[in-house]
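Lettering of chains follows the sequences in order, A, B, ..., and the numbering in each one begins at 1.
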Amino acid sequence: MTTTALKPARLRVAPSPTGDPHVGTAYMSLFNLAYARQTGGQFILRIEDTDRVRYVADSERQIFDTLHWLGLDWDEGPDVGGPCGPYRQSERLDTYQPYVDQLIADGHAYYCWCSRERLQALREEQERSKTSNTGYDRLCYGKTREERAALPGFTDSPVVRMLIPDGLDLTFPDVIRGQLTAPPPDDQVILKADGFPTYHLAVVVDDHLMGITHVVRGEEWISSTPKHILLYQWLGWEPPAFAHMPLLRNQDRSKISKRKNPAARLAWFREQGYLPEALRNFLQLMGYPPVHGDDEVASFEDFVAAFDWAKINPVGPIFDLDKLTWLNGHYIRSLEPAELAQRITTHLVETGQWPSPPDPAAVDLLTRATPMIQERLTLLSEALPKLAFLYTADSDLVVADDALATLNADAPRVLAAAIDIVHQVPAGSFTAETLEAALRAGLVEGLELKARVAFGAVRTAIAGQKVSPPLFDSMAVLGQASCLARLRALAGRLATQG
RNA sequence: GCCCCCAUCGUCUAGAGGCCUAGGACACCGCCCUUUCACGGCGGCGGCACCGGUUCGAAUCCGGUUGGGGGUGCCA
């Protein structure tokens with residue numbers, strides 16, 4: 001692999017703390033991080049909390065937690081600090097004000113006292129008349145407060161708007177899409193009536209002050225990029241490179257949303273029992289070809305080494321869980337059994353199914369049983385249901401009706417023989433191998449039954465289900481006494497029923 | 001309405017004019033392995049949205065149509 005020396009890049013992800021962290025944030029973070037690592041640069045987390053109305057207090061902590069869970073760690077941010085802080089926009093209000101003043105002084109921005117009602121009426125009128133020029137009508141431009149106050153639709157606390165010039169260049173380069181064209185902007189508000197900047201001003205000021213070299217964001221931002229570039233020009237700054245990523249979609253192809261898709265909530269994956277490495281690998285495959293050609297499994301390190309903006313597919317990928325689930329099973333199978341047992345335990349504690357700290361006996365049982373379910377798991381959350389028969393007292397085991405229905409006329413003598421065989425296994429060698437050899441000899445060869453019939457009856461007695469983890473391993477984990485109790489219970493039940 | 005972005009199997013994608021009667025993965029179906037279920041192996045189903053150009057030759061280039069998405073906020 002030839003690697004041209006790349007200049008260290010500084011990239012950031014800038015989520016808004018307005019609710020549960022979105023999967024799109026993780027998607028953008030992954031690509032940001034990959035390029036930062038490839039160039040030996042930095043990845044920065046900035047909290048964009050300029051919307052006081054939608055602000056959710058707990059959301060910032062959830063952003064930290066879920067991004068860290070996924071292994072997407074930042075070099076600078078509100079929690080770890082850094083040379084360009086503060087990294088929360090609500091703490092940078094004093095930073096923005098001088099630039100607003102400068103833009104007004106230079107004639108690039110102006111105060112607007114129009115009330116929300118007037119603006120809304122204006123928008124409705126534009127919609128009704130189906131005009132092609134939407135946007136603010138510049139009623140306030142060039143007027144003093146007194147002049148404007150004499151007109152209708154006035155409000156006392158003004159906003160500040162950009163004065164978009166005619167003939168603005170609407171094209172700009174994008175590292176993913178080449179030369180782009182965007183629609184002519186409106187006189188965008190840059191400072192709200194409450195003194196907070198809007199995204200458009202804050203993102204430009206912060207990205208410049210924080211030395212951001214590449215702005216990686218969703219394609220929904222393409223249309224506002226000319227406004228941002230104009231701000232860079234007015235302020236005398238060099239604009240960064242832009243990379244507009246495709247948008248993740250719901251099954252119906254709309255932009256992925258929490259309402260239509262539970263997977264839009266990043267925390268959902270953790271709750272469902274997905275492994276962070278599986279989700280990370282899956283996200284790497286969204287809009288990006290497999291790093292290793294036909295093999296779609298790839299580590300983050302390999303992704304970083306091969307990363308190339310030009311390979312990003314601008315088509316918005318549908319977020320379909322099938323492949324993620326397969327990847328999850330793959331990563332589960334690749335774990336050391338002890339590590340898997342640990343992950344399952346953590347999952348059970350995190351989801352409140354097990355107390356914290358968990359019962360040591362339950363953990364021990366899980367650790368012994370995990371090897372036999374490892375290749376049968378697709379989600380961590382499936383472990384406990386598959387092992388439920390091990391966590392059930394012998395006297396409480398319920399034999400399912402469909403399992404009972406598989407029993408034929410041979411069942412009573414199969415169970416009688418099995419009891420005898422299991423009873424005779426020396427306590428010290430109650431292993432899967434010993435049990436299989438003894439039961440195969442006694443039931444399959446001795447009684448001349450098909451393995452399916454013989455072991456099926458034993459399975460029903462031991463697990464109470466038609467389908468279970470491997471029978472002999474299950475018996476070894478369960479222990480001799482429990483096995484005998486369960487075999488006798490079913491034998492007795494059949495005898496009673498005649 | 002107006003503007004912008006996009007268009008290969010159901011889904012994720014390979015493909016940058018001849019290597020493509022379009023390759024892989026997931027899903028689905030069948031077979032094998034097998035004490036159940038899985039895992040694994042083998043095979044199958046299935047696609048270049050449409051119409052015009054350009055070219056000896058187009059999935060690949062150009063135009064249009066259609067379709068989908070996004071934007072059009074004192075949200076981000």
| Derivation and outcome, salt bridge (Lys or Arg N to Asp or Glu O under 4.0 Å), residues A:D206 and A:R12 | CA-CA 10 Å; A:D206 289 343; A:R12 51 66 178 173; over 6 Å; no

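- Nucleotides B:rC62 and B:rC20 are separated by 24 Å at their P atoms, to the nearest Å.
- Pairing for B:rC74 is absent, judged as Watson-Crick or G-U wobble with the two contacts each under 3.5 Å.
- Side-chain atoms of A:Y110 and A:D187 form a donor-acceptor pair, as typed in the model, at a separation below 3.5 Å.
- Of the candidate nucleotides B:rU35, B:rG69, B:rC26, B:rU35 has the atom nearest to the side chain of A:F472.
- The separation between A:W326 atom CH2 and B:rC39 atom C1' is 13 Å, rounded to whole Å.
- Tested against A:F300 for a side chain to side chain contact (heavy atoms under 4.5 Å, CB included), the candidates A:N281, A:L30, A:L70, A:V291 yield a single pass: A:L30.
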Write out a two-atom table: protein N or O, nucleotide N or O from nucleotides 20-23 of chain B, distance below 3.5 Å.
none

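- The cationic group of A:R249 does not satisfy the cation-pi geometry with A:F319, failing either the under 6.0 Å distance to the six-membered ring centre or the 45° limit from the ring axis.
- The interatomic distance linking A:R217 (CZ) with B:rG71 (C1') rounds to 13 Å, in whole Å.
- Contacts of A:L180 with the nucleic acid, taken as non-hydrogen atoms under 4.0 Å apart, involve only primed sugar atoms and P, OP1 or OP2.
- Counting any heavy atom pair closer than 4.0 Å across all strands shown, A:L324 reaches no nucleic acid atom.
- Between the CG atom of A:D187 and the C1' atom of B:rU72 there is a distance of 14 Å, rounded to whole Å.
- Minimum interatomic distance between A:P317 and A:G287 (heavy atoms only, all atoms of both residues): CG-N, 3.9 Å.
- Spacing of C1' atoms, B:rG46 relative to B:rA22, comes out at 13 Å, to the nearest Å.
- Classification of the A:W221-A:Y199 ring pair by plane angle, with boundaries at 30° and 60°, yields parallel.
- Defined by atom type and a distance below 3.5 Å, a donor-acceptor pair is present between the side-chain atoms of A:R217 and A:T225.
- Rounded to the nearest Å, the gap between the C1' atom of B:rU11 and that of B:rG68 is 16 Å.
- Within the shown strands, nothing qualifies as a pairing partner of B:rA27 under the Watson-Crick or G-U definition with both distances less than 3.5 Å.
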For nucleotides 13-15 of chain B, which of its nitrogen or oxygen atoms have a protein nitrogen or oxygen under 3.5 Å away, and what is each distance?
unit_1: B:rU13; atom_1: OP1; unit_2: A:G287; atom_2: N; d: 2.1

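- A gap of 33 Å separates the P atoms of B:rG23 and B:rG70, to the nearest Å.
- Taking the P atom of each, B:rU8 and B:rC61 are spaced 13 Å apart, rounded to whole Å.
- A 3.5 Å limit on both hydrogen-bonding distances identifies no Watson-Crick or G-U partner for B:rU34.
- If you check the side chains of A:N328 and A:T378, you find no donor sitting under 3.5 Å from an acceptor.
- Of the N and O atoms on the side chains of A:R116 and A:Q120, not one donor lies less than 3.5 Å from an acceptor on the other residue.
- Between A:A109 and A:V160, the shortest heavy-atom distance links the atoms CB-CG1, 3.8 Å.
- Across all strands shown, the partner of B:rA7 is B:rU66, judged by Watson-Crick or G-U wobble contacts whose two distances both fall under 3.5 Å.
- For A:K450, the NZ atom sits in a loose shell: 12 or fewer heavy atoms of surrounding residues, nucleotides or ligands are nearer than 6.0 Å.
- In this structure, A:W309 has its ring center no closer than 6.0 Å to that of A:F31.
- Partner assigned to B:rC61 is B:rG53, using Watson-Crick or G-U wobble distances below 3.5 angstrom.
- Shown here is A:E448, whose CD atom has no more than 12 heavy atoms of other residues, nucleotides or ligands within 6.0 Å.
- Under the 3.5 Å distance criterion, with hydrogens and angles disregarded, no donor-acceptor pair is assigned to the side chains of A:K192 and A:T198.
- Taking each heavy atom of A:E219 and A:P314 in turn, the nearest pair found is OE2-O, 4.4 Å.
- Straight-line distance between the C1' atoms of B:rG71 and B:rC29: roughly 43 Å, to the nearest whole Å.
- The aromatic rings of A:W74 and A:F64 are tilted relative to each other, their planes meeting at an angle between 30° and 60°.
- Using the six-membered ring where Trp is involved, A:H244 and A:F172 have ring planes that are perpendicular, over 60° apart on the 30 and 60° scheme.
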Report each atom pair, protein N/O against N/O of nucleotides 74-76 of chain B, whose distance is under 3.5 angstrom.
unit_1: B:rC74; atom_1: OP1; unit_2: A:R123; atom_2: NH2; d: 3.3
unit_1: B:rC74; atom_1: O2'; unit_2: A:R116; atom_2: NH1; d: 3.2
unit_1: B:rC74; atom_1: O2'; unit_2: A:R116; atom_2: NH2; d: 3.3
unit_1: B:rC74; atom_1: O2; unit_2: A:R116; atom_2: NH2; d: 3.4
unit_1: B:rC74; atom_1: O2; unit_2: A:A193; atom_2: N; d: 3.0
unit_1: B:rC74; atom_1: N4; unit_2: A:C114; atom_2: O; d: 3.2
unit_1: B:rC75; atom_1: OP2; unit_2: A:K192; atom_2: NZ; d: 2.6
unit_1: B:rC75; atom_1: O2'; unit_2: A:D51; atom_2: OD2; d: 2.6
unit_1: B:rC75; atom_1: O2'; unit_2: A:R54; atom_2: NE; d: 3.4
unit_1: B:rC75; atom_1: O2'; unit_2: A:R54; atom_2: NH2; d: 3.1
unit_1: B:rC75; atom_1: O2; unit_2: A:R54; atom_2: NH2; d: 3.4
unit_1: B:rA76; atom_1: OP1; unit_2: A:T50; atom_2: OG1; d: 2.5
unit_1: B:rA76; atom_1: OP1; unit_2: A:K192; atom_2: NZ; d: 2.9
unit_1: B:rA76; atom_1: OP2; unit_2: A:Y199; atom_2: N; d: 3.3
unit_1: B:rA76; atom_1: O3'; unit_2: A:S16; atom_2: OG; d: 2.9
unit_1: B:rA76; atom_1: O3'; unit_2: A:E48; atom_2: OE1; d: 3.2
unit_1: B:rA76; atom_1: O2'; unit_2: A:S16; atom_2: OG; d: 2.9

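- A distance of about 43 Å separates the C1' atoms of B:rC42 and B:rC5, rounded to the whole Å.
- The ring of A:Y141 has its center no closer than 6.0 angstrom to the ring center of A:Y136.
- For an aromatic pair to be called close, the ring centres must be under 6.0 Å apart, and A:Y274 with A:F282 fails this.
- Rounding to whole angstrom units, CD1 of residue A:I176 and P of B:rC6 are separated by 11 Å.
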Close N or O pairs between protein and nucleotides 36-38 of chain B (under 3.5 Å):
unit_1: B:rU36; atom_1: O2'; unit_2: A:K466; atom_2: O; d: 3.4
unit_1: B:rU36; atom_1: N1; unit_2: A:R459; atom_2: NH2; d: 3.3
unit_1: B:rU36; atom_1: O2; unit_2: A:R459; atom_2: NH1; d: 3.4
unit_1: B:rU36; atom_1: O2; unit_2: A:S468; atom_2: N; d: 2.8
unit_1: B:rU36; atom_1: O2; unit_2: A:S468; atom_2: O; d: 2.8
unit_1: B:rU36; atom_1: N3; unit_2: A:R459; atom_2: NH1; d: 3.3
unit_1: B:rU36; atom_1: N3; unit_2: A:S468; atom_2: O; d: 2.8
unit_1: B:rC37; atom_1: O2; unit_2: A:R376; atom_2: NE; d: 2.5
unit_1: B:rC37; atom_1: N3; unit_2: A:R376; atom_2: NE; d: 3.1
unit_1: B:rC37; atom_1: N3; unit_2: A:R376; atom_2: NH2; d: 2.8
unit_1: B:rC37; atom_1: N4; unit_2: A:R376; atom_2: NH2; d: 3.3
unit_1: B:rA38; atom_1: O2'; unit_2: A:E375; atom_2: O; d: 2.5
unit_1: B:rA38; atom_1: N1; unit_2: A:E375; atom_2: OE2; d: 3.1
unit_1: B:rA38; atom_1: N3; unit_2: A:E375; atom_2: OE2; d: 2.7

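- Side-chain polar atoms of A:D58 and A:Q62 form a donor-acceptor pair below 3.5 angstrom.
- Of all the residues in residues 398-410 of chain A, not one reaches under 4.0 Å from RNA chain B with any non-hydrogen atom.
- When each of A:I318 and A:Y136 is assigned the nucleotide of RNA chain B with its nearest heavy atom, A:I318 is the one assigned upstream, toward the 5' end.
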Nucleotide N/O to protein N/O under 3.5 Å, stretch nucleotides 64-66 of chain B:
none

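- Only the C1' atoms considered, B:rA14 is 7 Å distant from B:rG24, to the nearest whole Å.
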